[in-house]
Participant: 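Below you'll find the structure I mean.
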Amino acid sequence: MNDLYVGTAIFLLSYAVIVTERVHKTVVALVGASLMLVLKILTQNEAFHSETYGIDYNVIFLLIGMMIIINVMKETGIFQWMAIKSAKVAKGEPFRLMVILSVVTAVTSALLDNVTTVLLVAPVTLLICEALEVDAIPFLITEAIASNIGGTATLIGDPPNIMIASKADLSFLDFIYHLTPVVIVILIAYLVTLKFIFGRSLHVSDSHKERIMAMDESTAITDRPLMVKSLWVMGLTVLGFVFHHQLHFQPATIALAGAALLLLLSRAEPHKILEAVEWPTLFFFIGLFIIIGGVVKVGLIKIMSEWVLSVTQGNMFATSMIVLWFSAFASAIVDNIPYVATMNPLVIEMAKGIWPNLQGTDLLHNPDLMPVWWSLALGACLGGNGSLIGASANVVVAGIAEKGGRPITFMRFMKYGMPLMIESVLISTVYIWLRYYAF
Amino acid sequence: MRARDVMITEFDKISPDASLFDAAAIMRESRKGTGEGGIPAVVVLDGGRLVGIVSLTDMLKAILPPYLLQDTHLAHVTWDGLLESQCKRVQDKKVRDIMTRDVVTVKEDAVLAEAAEHFLSRHIHSIPVLRGDSVVGVLYLYDLAKRVFAYCQVGAS
């Protein structure tokens, strides 16, 4: 009983400090994790080696592998090439450009992490908007939103999906099969909505369009042999993800193998590439996993799941809907990574409460439970669009805009982000109902 | 030879509240007619106290669009007239917004090797020279290099 109070206190305090942003979230997570260990709520052995309570290395190494691949790839200039090519395909027509850039960002975000995608797309967007002499802010906001939508589509697109896939033992193709269709619908609805918002308000003179047409996108590519190699490795890696389940590999194995192959082929200086891996993000995950492991062990998550069950009375459609909408609004306000880290074991405890006789994948992949996982993924990923602080991609875009002297205010983002988030979650609601409950 | 022997005492100064354009005007006139050169830098004094320095690099960094610094692949696809058009964007900028605050200084009796080390390790071209807390001159890389070259001639003692 004592452990329950201590573990709960560490958990609540850590999350509260993370929300205030007074101390860097990685530091908070590591302090919380250390407390769990020092106060013997969790043993080191459990934290490092237990599948139930410990660090999820599948998530950590999948992230590391993809970060390495991206770090090599972004040196080649291919993303800048794509953006400039997009502008030329759009012939400098601003709304067409907005649509093409949104689609490019969404597709890239489905394969790479969202923050990296916008970090690559935002500066070149500023350049293109400068050339066209058109306000860059609508373009930057629509790209951030497109990146969050696109990231929802695949297992590797957004950290919440990586975490859910690992905990629920879902494969890359599971995500393609269950999430990609609805994300495509959401993306199309999003583009149609953009037409209503921006379709008539963006104008550019012909002489400025010529500036775009005069750009030589091939000069953006600084290392063509490296680009060819990294495209091959990226293609192979994606292929590996597609078949990882049949081949009985975890996704992290695929990502690490891809990263190793690219490091070997590129002859890139490992010191430089590995230094650019986002260690603070990875240690944030490590700390969170230990904190969550602690509260799972002391039984807090079980108590929370019993409370959720008492509300939903075991009605799985109601559970899916609550998870979807609650996740969306929660992720708009707080970081969706700690949120999903908490929700994963909660969903599992809840399932154990409903089906006490089931175990392993029989439990995790129970047909009645599957829509709850998809609702969690959709809510947590799409919710990030609700506010400027809802997703890391939004924060990064705002930072780039501010440096460029064009700050994006909290309210200006919300004006577009919140209605678009609600639109996407409404579409998800209809999808979940139609696909899993209506027939 | 010490810093005081190589520094120039008629150095350019400006208030932190002056505009970027004022700093540019000072730089245009800097060392004109002296027959001397070097990359200009303006010492920023707030009521006589050293608060910063504006170098030509600081000016360029303020004028160049930030995204070009963030993404090194983009410089190739810019167009003629981009840099010129940026001046409108920065016309309201004050010296305090663009100056380097962490100023490298030397004491007036510092030996030249100390200054040379600062020039190289900090990638700067001018160093304010202090007597106590007040700036008494500016040591230019250009002037220091001229002295060094003088020693590198055949027959120099």
Participant: Salt bridge or not between A:Asp206 and A:Lys209? Use side-chain N to carboxylate O under 4.0 Å.
Facilitator: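 Counted as a salt bridge, because a side-chain N and a carboxylate O are separated by less than 4.0 Å.
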
Participant: Looking at A:Arg211 and A:Glu130, does any basic side-chain N land under 4.0 Å from a carboxylate oxygen?
Facilitator: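 No, no charged N to carboxylate O under 4.0 Å.
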
Participant: Please determine whether a side-chain nitrogen of the Lys or Arg among A:Asp223 and A:Lys229 lies less than 4.0 Å from a carboxylate oxygen of the Asp or Glu.
Facilitator: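 Looking at A:Asp223 and A:Lys229, the cut-off is not met.
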
Participant: What part of A:Thr125 gets within 4.5 angstrom of chain B, counting heavy atoms only: side chain, backbone, both, or neither?
Facilitator: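 Looking at A:Thr125, nothing touches chain B.
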
Participant: Quick check on A:Glu75 against chain B: is it the side chain, the backbone, both or neither that has a heavy atom closer than 4.5 Å?
Facilitator: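 Contact with chain B is through the backbone of A:Glu75 alone.
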
Participant: Looking at B:Glu108 and B:Arg2, is there a salt bridge between them, counting it only when a charged N and a carboxylate O are closer than 4.0 Å?
Facilitator: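 No, B:Arg2 and B:Glu108 are not salt-bridged.
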
Participant: So which part of A:Ile84 gets closer than 4.5 Å to some heavy atom of chain B, the side chain, the backbone, both or neither?
Facilitator: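 A:Ile84 touches chain B through side-chain heavy atoms alone.
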
Participant: A quick test of your reading: do over 12 heavy atoms of other residues, nucleotides or ligands sit less than 6.0 Å from CG of A:Asp216?
Facilitator: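 Check passes, neighbour count above 12.
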
Participant: For A:Leu120, is it the side chain, the backbone, both or neither that has a heavy atom under 4.5 Å from a heavy atom of chain B?
Facilitator: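 The backbone, not the side chain.
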
Participant: For B:Leu69, is it the side chain, the backbone, both or neither that has a heavy atom under 4.5 Å from a heavy atom of chain A?
Facilitator: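 For B:Leu69, neither part sits under 4.5 Å from chain A.
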
